[in-house]
Novice: 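What follows is a structure written as C-alpha coordinates; I'll ask about it next.
Atoms within a ligand are numbered from 1 in the order they appear, just like the ligands themselves.
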Amino acid sequence: MTLPSIDADPFSHDVLEDPLPLHARLRDAGPVVYLTRYDVYALARYEHVHAVLTDWQNFQSAAGVGLSNFRYEKPWRPPSLLLEADPPRHDAPRAVLTNVLGPRELRKLRAAWFADAEELADAVLGAGSSGELEFDAVTELAEAFPLRVFPDAVGLPPDGRENLLPYGEHAFNAFGPVNDLVEKGLPRVAELSAWVNSRCQRDMLAPGGFGARIWAAADRGDITAEQAPLVVRSLLSAGVDTTVHGLAAVLYAFATHPDQWRRLRREPHLARVAFDEAVRWQSPVQTFFRTATRDVVVGGTLIPDGKKVVTFLGSANRDPRRWADPDAFDLSRDPSGHVGFGMGIHQCAGQHVARLEAEALLTALARRIERIELAGPALRHHNNTLRAWRSIPVRVHLA
Ligand code: QZP
(Lines give C-alpha, C1' and ligand atoms only; values in the text may rest on other atoms or scores of the structure.)
Protein backbone atom coordinates (compact mmCIF):
# COMPACT_ATOMS: atom_id res chain seq x y z
CA MET A 1 0.00 0.00 0.00
CA THR A 2 1.37 3.46 -0.84
CA LEU A 3 1.42 6.01 1.93
CA PRO A 4 -1.09 8.79 1.32
CA SER A 5 0.40 12.24 1.82
CA ILE A 6 -1.24 15.58 2.45
CA ASP A 7 0.35 19.03 2.48
CA ALA A 8 -2.29 20.58 4.76
CA ASP A 9 -1.11 22.50 7.85
CA PRO A 10 -2.98 21.32 10.98
CA PHE A 11 -1.68 24.43 12.78
CA SER A 12 -2.90 27.00 10.25
CA HIS A 13 -5.55 29.44 11.40
CA ASP A 14 -8.13 27.93 9.02
CA VAL A 15 -7.73 24.50 10.59
CA LEU A 16 -7.56 25.82 14.16
CA GLU A 17 -10.82 27.66 13.52
CA ASP A 18 -12.50 24.42 12.40
CA PRO A 19 -10.40 21.23 12.39
CA LEU A 20 -13.26 18.86 11.53
CA PRO A 21 -12.87 18.93 7.70
CA LEU A 22 -9.16 18.10 7.97
CA HIS A 23 -9.93 15.31 10.45
CA ALA A 24 -12.41 13.72 8.04
CA ARG A 25 -9.92 14.02 5.20
CA LEU A 26 -7.14 12.39 7.23
CA ARG A 27 -9.35 9.54 8.48
CA ASP A 28 -10.57 8.80 4.97
CA ALA A 29 -7.13 8.97 3.35
CA GLY A 30 -5.86 5.92 5.29
CA PRO A 31 -4.74 4.67 8.71
CA VAL A 32 -1.49 6.65 8.42
CA VAL A 33 -1.06 9.84 6.40
CA TYR A 34 2.26 11.57 5.75
CA LEU A 35 2.21 15.32 6.44
CA THR A 36 4.73 16.65 3.94
CA ARG A 37 5.00 20.08 5.52
CA TYR A 38 6.34 18.75 8.82
CA ASP A 39 7.77 15.32 7.89
CA VAL A 40 5.45 13.61 10.40
CA TYR A 41 3.05 10.67 10.23
CA ALA A 42 -0.54 11.51 11.12
CA LEU A 43 -2.97 9.15 12.84
CA ALA A 44 -6.57 10.24 12.85
CA ARG A 45 -8.59 7.02 13.26
CA TYR A 46 -9.55 5.86 16.75
CA GLU A 47 -8.03 2.40 16.38
CA HIS A 48 -4.57 3.64 15.45
CA VAL A 49 -4.52 6.62 17.82
CA HIS A 50 -5.37 4.21 20.63
CA ALA A 51 -2.75 1.69 19.45
CA VAL A 52 0.05 4.26 19.36
CA LEU A 53 -0.84 5.85 22.70
CA THR A 54 -0.81 2.48 24.45
CA ASP A 55 2.51 1.39 22.88
CA TRP A 56 5.11 3.38 24.82
CA GLN A 57 7.85 0.90 23.92
CA ASN A 58 7.63 1.67 20.20
CA PHE A 59 6.41 5.25 20.55
CA GLN A 60 8.37 7.20 23.11
CA SER A 61 7.55 10.48 24.83
CA ALA A 62 11.10 11.34 25.92
CA ALA A 63 11.87 12.89 22.50
CA GLY A 64 9.03 15.34 23.19
CA VAL A 65 5.27 15.11 22.69
CA GLY A 66 5.19 18.12 20.40
CA LEU A 67 6.53 18.59 16.89
CA SER A 68 10.03 19.36 18.13
CA ASN A 69 12.24 16.25 18.23
CA PHE A 70 14.44 16.39 21.33
CA ARG A 71 16.92 14.06 19.60
CA TYR A 72 17.86 17.00 17.39
CA GLU A 73 16.46 20.15 19.02
CA LYS A 74 16.89 21.70 22.44
CA PRO A 75 13.55 21.91 24.31
CA TRP A 76 12.27 25.38 25.29
CA ARG A 77 12.33 24.33 28.98
CA PRO A 78 13.75 21.35 30.88
CA PRO A 79 11.60 18.37 29.86
CA SER A 80 8.70 17.36 32.10
CA LEU A 81 9.46 14.31 34.26
CA LEU A 82 5.97 13.00 33.47
CA LEU A 83 4.86 14.10 30.04
CA GLU A 84 8.22 14.00 28.32
CA ALA A 85 9.66 10.86 29.92
CA ASP A 86 9.38 7.10 29.43
CA PRO A 87 9.59 4.21 31.86
CA PRO A 88 11.48 3.66 34.04
CA ARG A 89 12.24 7.38 34.69
CA HIS A 90 8.62 8.32 34.23
CA ASP A 91 7.26 5.92 36.83
CA ALA A 92 8.16 7.38 40.24
CA PRO A 93 7.07 10.95 39.43
CA ARG A 94 3.89 9.56 37.86
CA ALA A 95 3.07 7.40 40.88
CA VAL A 96 3.50 10.40 43.18
CA LEU A 97 1.27 12.67 41.11
CA THR A 98 -1.36 9.97 40.59
CA ASN A 99 -1.56 9.59 44.34
CA VAL A 100 -1.62 13.34 45.09
CA LEU A 101 -4.44 13.87 42.56
CA GLY A 102 -6.25 10.62 43.25
CA PRO A 103 -9.85 10.08 44.34
CA ARG A 104 -8.84 9.64 47.97
CA GLU A 105 -7.27 13.10 48.17
CA LEU A 106 -10.07 14.68 46.16
CA ARG A 107 -12.78 13.45 48.50
CA LYS A 108 -11.36 15.95 50.99
CA LEU A 109 -11.88 18.81 48.53
CA ARG A 110 -15.33 17.86 47.35
CA ALA A 111 -17.47 19.75 49.89
CA ALA A 112 -15.35 22.90 49.64
CA TRP A 113 -15.45 22.93 45.84
CA PHE A 114 -19.21 22.39 45.75
CA ALA A 115 -19.59 25.35 48.15
CA ASP A 116 -17.24 27.44 45.98
CA ALA A 117 -19.33 26.61 42.92
CA GLU A 118 -22.50 27.70 44.73
CA GLU A 119 -20.82 30.99 45.67
CA LEU A 120 -19.60 31.61 42.15
CA ALA A 121 -23.01 30.79 40.70
CA ASP A 122 -24.63 33.24 43.14
CA ALA A 123 -22.12 35.94 42.29
CA VAL A 124 -22.57 35.54 38.52
CA LEU A 125 -26.32 34.97 38.50
CA GLY A 126 -27.31 37.20 41.41
CA ALA A 127 -28.37 35.43 44.60
CA GLY A 128 -32.07 34.71 44.73
CA SER A 129 -33.07 36.95 41.82
CA SER A 130 -35.11 35.68 38.91
CA GLY A 131 -35.41 36.60 35.25
CA GLU A 132 -32.77 36.48 32.57
CA LEU A 133 -29.25 37.81 32.11
CA GLU A 134 -26.36 37.74 29.68
CA PHE A 135 -22.65 37.21 30.32
CA ASP A 136 -19.54 35.59 28.85
CA ALA A 137 -19.39 31.95 29.95
CA VAL A 138 -15.63 31.80 29.25
CA THR A 139 -14.46 34.58 31.55
CA GLU A 140 -17.24 34.45 34.16
CA LEU A 141 -17.43 30.67 34.61
CA ALA A 142 -14.90 28.58 32.64
CA GLU A 143 -11.94 30.73 33.71
CA ALA A 144 -13.31 31.97 37.01
CA PHE A 145 -14.01 28.59 38.58
CA PRO A 146 -10.64 26.84 38.03
CA LEU A 147 -8.82 30.02 39.04
CA ARG A 148 -10.88 30.12 42.20
CA VAL A 149 -10.27 26.54 43.33
CA PHE A 150 -7.13 25.12 41.70
CA PRO A 151 -4.32 27.51 42.76
CA ASP A 152 -5.56 27.31 46.36
CA ALA A 153 -5.62 23.51 46.16
CA VAL A 154 -2.02 23.53 44.93
CA GLY A 155 -1.15 25.85 47.82
CA LEU A 156 0.14 28.75 45.73
CA PRO A 157 0.61 32.15 47.35
CA PRO A 158 -1.86 34.78 46.06
CA ASP A 159 0.48 36.99 44.07
CA GLY A 160 1.13 36.44 40.38
CA ARG A 161 -1.66 33.95 39.73
CA GLU A 162 -2.55 35.95 36.62
CA ASN A 163 0.58 34.35 35.11
CA LEU A 164 -0.91 30.85 35.13
CA LEU A 165 -3.10 31.16 32.02
CA PRO A 166 -0.45 32.91 29.86
CA TYR A 167 2.16 30.33 30.89
CA GLY A 168 -0.13 27.45 29.97
CA GLU A 169 -1.14 29.18 26.76
CA HIS A 170 2.49 29.30 25.67
CA ALA A 171 3.27 25.76 26.84
CA PHE A 172 0.40 24.41 24.71
CA ASN A 173 1.38 26.51 21.70
CA ALA A 174 4.96 25.26 22.05
CA PHE A 175 3.88 21.66 21.25
CA GLY A 176 3.19 22.88 17.70
CA PRO A 177 5.46 24.43 15.07
CA VAL A 178 7.18 27.76 15.64
CA ASN A 179 4.41 29.75 13.94
CA ASP A 180 2.94 33.17 14.74
CA LEU A 181 1.20 31.75 17.83
CA VAL A 182 4.51 30.68 19.37
CA GLU A 183 6.25 33.86 18.28
CA LYS A 184 3.73 36.07 19.99
CA GLY A 185 4.44 34.21 23.25
CA LEU A 186 8.22 34.47 23.11
CA PRO A 187 8.67 37.95 24.65
CA ARG A 188 7.20 36.76 27.97
CA VAL A 189 8.65 33.22 28.16
CA ALA A 190 11.60 34.09 30.42
CA GLU A 191 9.49 36.11 32.85
CA LEU A 192 6.62 33.58 33.00
CA SER A 193 8.99 30.62 33.37
CA ALA A 194 10.88 32.36 36.17
CA TRP A 195 7.60 33.00 37.99
CA VAL A 196 6.38 29.40 37.58
CA ASN A 197 9.74 27.91 38.59
CA SER A 198 9.90 30.09 41.70
CA ARG A 199 6.44 28.86 42.78
CA CYS A 200 7.56 25.24 42.59
CA GLN A 201 9.91 25.65 45.56
CA ARG A 202 8.98 24.08 48.89
CA ASP A 203 8.75 27.34 50.85
CA MET A 204 6.18 28.77 48.40
CA LEU A 205 3.62 26.00 48.88
CA ALA A 206 1.07 26.05 51.70
CA PRO A 207 0.79 23.00 53.98
CA GLY A 208 -1.83 20.45 52.97
CA GLY A 209 -1.94 21.41 49.29
CA PHE A 210 -1.01 19.35 46.23
CA GLY A 211 2.39 21.09 46.10
CA ALA A 212 3.25 20.33 49.71
CA ARG A 213 2.18 16.71 49.20
CA ILE A 214 4.61 16.42 46.31
CA TRP A 215 7.37 17.74 48.58
CA ALA A 216 6.28 15.29 51.29
CA ALA A 217 6.76 12.48 48.77
CA ALA A 218 10.32 13.74 48.26
CA ASP A 219 10.86 13.67 52.05
CA ARG A 220 9.71 10.03 52.06
CA GLY A 221 12.14 9.25 49.26
CA ASP A 222 9.46 8.39 46.66
CA ILE A 223 11.05 11.01 44.38
CA THR A 224 14.20 13.09 44.86
CA ALA A 225 14.32 16.68 46.07
CA GLU A 226 15.61 17.60 42.59
CA GLN A 227 12.51 16.07 41.00
CA ALA A 228 9.93 17.65 43.31
CA PRO A 229 9.88 21.16 41.77
CA LEU A 230 9.49 19.74 38.26
CA VAL A 231 6.54 17.62 39.37
CA VAL A 232 4.94 20.74 40.85
CA ARG A 233 5.64 22.47 37.52
CA SER A 234 3.56 19.80 35.77
CA LEU A 235 0.58 20.78 37.92
CA LEU A 236 1.03 24.44 37.04
CA SER A 237 1.51 23.66 33.34
CA ALA A 238 -1.32 21.22 32.82
CA GLY A 239 -3.85 22.14 35.50
CA VAL A 240 -5.41 25.42 34.45
CA ASP A 241 -5.88 25.99 30.70
CA THR A 242 -7.04 22.40 30.24
CA THR A 243 -9.85 22.68 32.77
CA VAL A 244 -10.80 26.16 31.55
CA HIS A 245 -11.36 24.82 28.03
CA GLY A 246 -12.93 21.60 29.26
CA LEU A 247 -15.48 23.63 31.20
CA ALA A 248 -15.93 25.98 28.24
CA ALA A 249 -16.60 22.93 26.06
CA VAL A 250 -19.36 21.60 28.30
CA LEU A 251 -20.94 25.05 28.73
CA TYR A 252 -20.91 25.57 24.95
CA ALA A 253 -22.41 22.11 24.48
CA PHE A 254 -25.32 22.89 26.79
CA ALA A 255 -25.84 26.39 25.35
CA THR A 256 -26.34 24.77 21.95
CA HIS A 257 -28.29 21.66 23.10
CA PRO A 258 -31.32 22.83 25.12
CA ASP A 259 -32.78 19.30 25.29
CA GLN A 260 -29.59 18.01 26.94
CA TRP A 261 -29.69 20.86 29.50
CA ARG A 262 -33.28 19.97 30.39
CA ARG A 263 -32.14 16.40 30.88
CA LEU A 264 -29.26 17.45 33.15
CA ARG A 265 -31.71 19.47 35.26
CA ARG A 266 -33.92 16.41 35.65
CA GLU A 267 -30.98 14.06 36.26
CA PRO A 268 -28.15 16.08 37.84
CA HIS A 269 -26.11 12.93 38.46
CA LEU A 270 -25.37 13.09 34.69
CA ALA A 271 -22.98 16.03 35.29
CA ARG A 272 -19.91 13.79 35.14
CA VAL A 273 -21.04 11.95 32.01
CA ALA A 274 -21.83 15.34 30.46
CA PHE A 275 -18.31 16.53 31.10
CA ASP A 276 -16.70 13.44 29.58
CA GLU A 277 -19.06 13.61 26.62
CA ALA A 278 -18.05 17.26 26.11
CA VAL A 279 -14.37 16.31 26.35
CA ARG A 280 -15.01 13.68 23.67
CA TRP A 281 -17.12 16.02 21.52
CA GLN A 282 -14.82 19.07 21.63
CA SER A 283 -11.50 17.47 22.62
CA PRO A 284 -9.92 20.50 24.33
CA VAL A 285 -6.53 18.84 23.81
CA GLN A 286 -6.40 18.18 20.06
CA THR A 287 -3.03 16.67 19.20
CA PHE A 288 -0.12 14.88 20.78
CA PHE A 289 3.06 13.53 19.23
CA ARG A 290 5.19 10.50 19.87
CA THR A 291 8.53 9.41 18.35
CA ALA A 292 9.16 5.95 16.86
CA THR A 293 11.93 4.16 18.78
CA ARG A 294 12.54 1.70 15.92
CA ASP A 295 11.09 0.95 12.50
CA VAL A 296 7.51 0.04 13.37
CA VAL A 297 4.45 -0.89 11.32
CA VAL A 298 1.07 0.73 12.07
CA GLY A 299 -1.99 0.00 9.99
CA GLY A 300 0.23 -1.63 7.35
CA THR A 301 2.50 1.43 7.10
CA LEU A 302 6.16 1.52 8.09
CA ILE A 303 7.08 4.39 10.38
CA PRO A 304 10.88 4.78 10.39
CA ASP A 305 12.93 4.95 13.59
CA GLY A 306 13.17 8.47 14.96
CA LYS A 307 10.21 9.89 13.02
CA LYS A 308 7.46 11.80 14.74
CA VAL A 309 3.85 10.64 14.68
CA VAL A 310 0.99 12.97 15.53
CA THR A 311 -2.20 11.59 17.06
CA PHE A 312 -5.37 13.58 16.39
CA LEU A 313 -7.32 13.05 19.60
CA GLY A 314 -10.27 15.14 18.44
CA SER A 315 -10.51 13.10 15.27
CA ALA A 316 -10.32 9.75 17.06
CA ASN A 317 -13.06 10.99 19.37
CA ARG A 318 -15.36 11.54 16.37
CA ASP A 319 -14.29 8.59 14.26
CA PRO A 320 -17.49 7.04 12.87
CA ARG A 321 -15.66 3.67 12.86
CA ARG A 322 -15.77 3.84 16.68
CA TRP A 323 -18.70 6.09 17.60
CA ALA A 324 -22.35 6.04 16.54
CA ASP A 325 -23.46 9.52 15.44
CA PRO A 326 -20.07 10.95 16.53
CA ASP A 327 -20.94 14.61 15.98
CA ALA A 328 -23.88 14.51 18.41
CA PHE A 329 -23.45 15.75 21.99
CA ASP A 330 -25.61 13.18 23.71
CA LEU A 331 -25.95 12.38 27.44
CA SER A 332 -27.36 8.96 26.56
CA ARG A 333 -24.03 7.91 25.13
CA ASP A 334 -21.31 6.11 27.10
CA PRO A 335 -18.31 8.31 26.28
CA SER A 336 -15.83 6.13 28.17
CA GLY A 337 -12.92 5.05 26.04
CA HIS A 338 -12.59 8.52 24.48
CA VAL A 339 -8.99 9.63 24.10
CA GLY A 340 -9.59 13.25 25.14
CA PHE A 341 -7.53 12.59 28.27
CA GLY A 342 -5.06 10.53 26.29
CA MET A 343 -4.71 6.76 26.83
CA GLY A 344 -2.12 4.41 28.30
CA ILE A 345 0.57 5.18 30.87
CA HIS A 346 0.46 8.95 30.28
CA GLN A 347 -3.31 9.29 30.49
CA CYS A 348 -4.20 12.53 32.26
CA ALA A 349 -3.12 12.43 35.90
CA GLY A 350 -5.49 15.30 36.71
CA GLN A 351 -8.66 13.89 35.21
CA HIS A 352 -10.34 13.39 38.60
CA VAL A 353 -9.59 17.02 39.46
CA ALA A 354 -11.11 18.15 36.16
CA ARG A 355 -14.21 15.99 36.64
CA LEU A 356 -14.71 17.25 40.18
CA GLU A 357 -14.51 20.87 39.02
CA ALA A 358 -17.03 20.18 36.27
CA GLU A 359 -19.40 18.28 38.54
CA ALA A 360 -19.37 21.06 41.15
CA LEU A 361 -19.94 23.85 38.64
CA LEU A 362 -22.60 22.06 36.58
CA THR A 363 -24.50 21.01 39.69
CA ALA A 364 -24.65 24.59 40.96
CA LEU A 365 -25.71 25.94 37.56
CA ALA A 366 -28.31 23.26 36.87
CA ARG A 367 -30.12 24.16 40.09
CA ARG A 368 -30.40 27.83 39.11
CA ILE A 369 -30.64 27.99 35.32
CA GLU A 370 -33.73 26.82 33.50
CA ARG A 371 -32.45 27.55 30.01
CA ILE A 372 -29.06 28.58 28.62
CA GLU A 373 -28.56 29.74 25.04
CA LEU A 374 -26.04 31.64 22.94
CA ALA A 375 -26.61 35.40 23.04
CA GLY A 376 -24.23 35.99 20.12
CA PRO A 377 -21.55 34.20 18.13
CA ALA A 378 -19.14 32.10 20.20
CA LEU A 379 -15.56 32.96 19.22
CA ARG A 380 -12.69 30.51 18.99
CA HIS A 381 -9.29 31.19 20.50
CA HIS A 382 -6.52 29.70 18.35
CA ASN A 383 -3.85 27.62 20.07
CA ASN A 384 -1.56 25.00 18.51
CA THR A 385 -2.81 22.28 20.89
CA LEU A 386 -5.99 23.45 22.58
CA ARG A 387 -9.41 23.64 21.00
CA ALA A 388 -10.27 26.76 22.90
CA TRP A 389 -12.81 29.56 23.17
CA ARG A 390 -12.18 33.30 23.42
CA SER A 391 -15.78 34.09 24.23
CA ILE A 392 -19.12 32.30 24.62
CA PRO A 393 -21.80 34.95 25.11
CA VAL A 394 -24.78 33.32 26.82
CA ARG A 395 -28.26 34.32 27.90
CA VAL A 396 -29.60 32.38 30.87
CA HIS A 397 -33.18 32.13 32.09
CA LEU A 398 -33.18 31.67 35.84
CA ALA A 399 -35.32 29.08 37.51
C1 QZP B 1 1.06 19.76 29.91
C2 QZP B 1 3.86 18.72 32.17
C3 QZP B 1 -2.73 17.88 27.84
C4 QZP B 1 -1.43 17.76 28.47
C5 QZP B 1 -0.44 17.01 27.78
C6 QZP B 1 -1.06 18.71 29.36
C7 QZP B 1 0.24 18.68 30.02
C8 QZP B 1 0.58 17.62 30.81
C9 QZP B 1 1.76 17.64 31.51
C10 QZP B 1 2.60 18.73 31.42
C11 QZP B 1 2.25 19.79 30.61
O12 QZP B 1 4.17 17.71 32.78
O13 QZP B 1 4.53 19.76 32.19
Novice: Looking just at side-chain N and O atoms, do N317 and Y46 make a donor-acceptor pair shorter than 3.5 Å?
Specialist: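 On atom types as modelled, these side chains do not qualify, holding no pair under 3.5 Å.
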Novice: Any nitrogen or oxygen of R233 lying under 3.5 Å from a nitrogen or oxygen in ligand 1? Just yes or no.
Specialist: no
Novice: Which atoms of ligand 1 have any heavy atom of S237 under 4.0 Å away?
Specialist: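 So the answer, numbered in order with elements, is 11 (C), 13 (O).
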Novice: What protein heavy atom is closest to atom 13 (O) of ligand 1, reported as residue, atom name and distance in Å?
Specialist: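 For atom 13 (O) of ligand 1, the nearest protein heavy atom comes out as R77 NH2, 2.8 Å.
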Novice: List every atom of ligand 1 that sits less than 4.0 Å from any heavy atom of S80, numbering the atoms from 1 in the order shown and giving each element.
Specialist: 2 (C), 12 (O), 13 (O)
Novice: Can you pull out the closest protein heavy atom to atom 10 (C) of ligand 1? Residue, atom name and distance to 0.1 Å, please.
Specialist: L83 CD2, 3.7 Å
Novice: Do me a favour and list the nearest non-hydrogen protein atom to atom 5 (C) of ligand 1 with residue, atom name and distance?
Specialist: F288 CZ, 3.1 Å
Novice: Heavy-atom contacts with F172 under 4.0 Å: which atoms of ligand 1 show up? List them by number with element.
Specialist: 3 (C), 4 (C), 6 (C)
Novice: Below 4.0 angstrom from a heavy atom of S234, which ligand 1 atoms are there? Numbered from 1 as shown, please.
Specialist: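 What qualifies from ligand 1 is 2 (C), 12 (O), 13 (O).
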Novice: Inspect the surroundings of CZ in R321 and state if more than 12 heavy atoms from other residues, nucleotides or ligands are less than 6.0 Å away.
Specialist: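 Result for CZ/R321: enclosed.
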Novice: Return yes if a side-chain donor-acceptor contact under 3.5 Å exists between Y38 and D9, otherwise no.
Specialist: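 A donor-acceptor contact under 3.5 Å links the two side chains.
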Novice: What are the atoms of ligand 1, with element, lying closer than 4.0 Å to any heavy atom of V285?
Specialist: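 By the 4.0 Å cutoff, the relevant atoms are 3 (C).
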Novice: Can you find an N or O of T242 that's nearer than 3.5 Å to an N or O of ligand 1?
Specialist: no
Novice: Where's the contact between R94 and ligand 1, heavy-atom distance under 4.0 Å: side chain, backbone, both or neither?
Specialist: neither
Novice: Just so I know, are the side chains of S336 and D276 near enough to count as touching, which here means a heavy-atom distance under 4.5 Å?
Specialist: no
Novice: Could you check whether R77 and S237, counting side-chain N and O atoms only, form a donor-acceptor pair closer than 3.5 Å?
Specialist: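 A donor-acceptor contact under 3.5 Å links the two side chains.
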Novice: Could you tell me whether the side chains of S315 and R45 share a donor-acceptor contact shorter than 3.5 Å?
Specialist: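 Short answer, no.
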Novice: Check whether W323 forms a cation-pi arrangement with R318 (NZ or CZ under 6.0 Å from the six-membered ring centre, at most 45° off the ring normal).
Specialist: no
Novice: Quick test of your reading of the structure: of P284, A238, S61, G342, whose heavy atom lies closest to atom 9 (C) of ligand 1?
Specialist: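 Checking each option, the heavy atom nearest atom 9 (C) of ligand 1 is found in A238.
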Novice: Answer with yes or no whether the side chains of E105 and N99 bring together a donor and an acceptor at under 3.5 Å.
Specialist: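 On atom types as modelled, these side chains do not qualify, holding no pair under 3.5 Å.
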